[in-house]
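What follows is one structure encoded as structure tokens, with my remarks underneath.
As the structure lists them, so they are numbered: ligands from 1, and atoms in each ligand from 1.
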Amino acid sequence: MTSIAVVPGSFDPVTLGHLDVIERAAKIFDELHVLVVHNPDKEALLPITQRVSLLSTAIEQAGLSGDIRIASWSVGLLVDYCVDVGAKVLVKGIRSQVDVAYETPMAIMNRSLAGVETVFLLPDPAHAHVSSSLVRQVAALGGDVSPYVPPVVAAYLERSAP
Ligand code: PNS
């Protein structure tokens, strides 16, 4: 049986930490859906179409292997997407106890709603301090984000700097 998993996130923008999780998840599952999800709790920097475009280019340029598909989801439950594509697993990266506290109730709710399990991957220590929100802040204040994001994202943020 084909194992299908979904890596959901805001990806606003995609970071090297995200790419690391995607690369490792693609080695575990036969088919991986990287899903850009609208998170109403966060004020977005980039429109969803731009996030999808940067994610696609970043995955292509990183030469990640495996069956990796990119999609977006802005209406309805995340588990509805999982059911639609036959995914039984969500994959999330966990950097700290703060992430554990944030992710645990969602994981339990997603299992309760649709029997979808959540698998947590620990980050490469090199990326443990990297988050999209910090990247947005560093970029907005004129700092160099190239150590934390794929080259296509660094170039995009540099072009759009005020
Ligand atoms: O990158 P983020 O912002 O931490 O990603 C969070 C995201 C988008 C994965 C999270 O907000 C989410 O799972 N949203 C789906 C909404 C949903 O289905 N909620 C009900 C069950 S928890």
Starting from [atom], locate the nearest protein heavy atom and write down its residue, its atom name and how far away it is, to 0.1 Å.
atom	result
atom 4 (O) of ligand 1	Lys42 NZ, 3.3 Å
atom 14 (N) of ligand 1	Val37 CG1, 4.1 Å
atom 3 (O) of ligand 1	Ser10 OG, 2.5 Å
atom 18 (O) of ligand 1	Leu78 N, 2.9 Å
atom 10 (C) of ligand 1	Met106 SD, 4.0 Å

Any non-hydrogen side-chain atom of [X] less than 4.5 Å from a side-chain atom of [Y]?
X	Y	result
Phe11	Leu46	no
Ile22	Leu32	yes
Glu31	Arg69	yes
Val36	Ser10	no

ask   = Any heavy atom of Tyr102 sitting closer than 4.0 Å to ligand 1?
value =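 True for this residue.
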
task = Measure Leu77 to ligand 1 on non-hydrogen atoms and call it side chain, backbone, both or neither using the 4.0 Å cut-off.
result =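 Answer for Leu77: both.
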
request  = Please state which part of Asn110 comes within less than 4.0 Å of ligand 1, counting heavy atoms only: side chain, backbone, both or neither.
outcome  =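 For Asn110, only side-chain atoms sit under 4.0 Å from ligand 1.
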
Side-chain donor-acceptor pair present, His33, Tyr81, cut-off under 3.5 Å =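 Result is yes, a qualifying pair exists.
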
Shortest reach to atom 9 (C) of ligand 1 by a heavy atom, considering only His38, His18, Lys92 =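 Selected option, by shortest heavy-atom distance: Lys92.
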
query = Once you round to the nearest 0.5 Å, how far does NZ of Lys92 lie from OG1 of Thr104?
reply =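 It is 10.0 Å, given to the nearest 0.5 Å.
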
key: Straight-line distance of Gln50 CD to Ser160 OG, nearest 0.5 Å   =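 Nearest 0.5 Å value for the CD-OG distance: 8.0 Å.
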
Non-hydrogen protein atom less than 4.0 angstrom from atom 6 (C) of ligand 1 =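 For atom 6 (C) of ligand 1 the answer is yes, since some protein heavy atom falls inside 4.0 Å.
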
ask   = Does the protein put any heavy atom within less than 4.0 Å of atom 16 (C) of ligand 1?
value =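 No, no protein heavy atom sits under 4.0 Å from atom 16 (C) of ligand 1.
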
inquiry  = Would Arg136 and Asp12 count as a salt bridge (Lys or Arg N to Asp or Glu O under 4.0 Å) here? Give the steps.
reply    = CA-CA 8 Å; Arg136 292 197 298 272; Asp12 186 29; 3.7 Å; yes

task = Show which atoms of ligand 1 fall inside a sub-4.0 Å distance from at least one heavy-atom site of Gly9.
result =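 Near Gly9, meaning under 4.0 Å from one of its heavy atoms, ligand 1 has 1 (O), 5 (O).
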
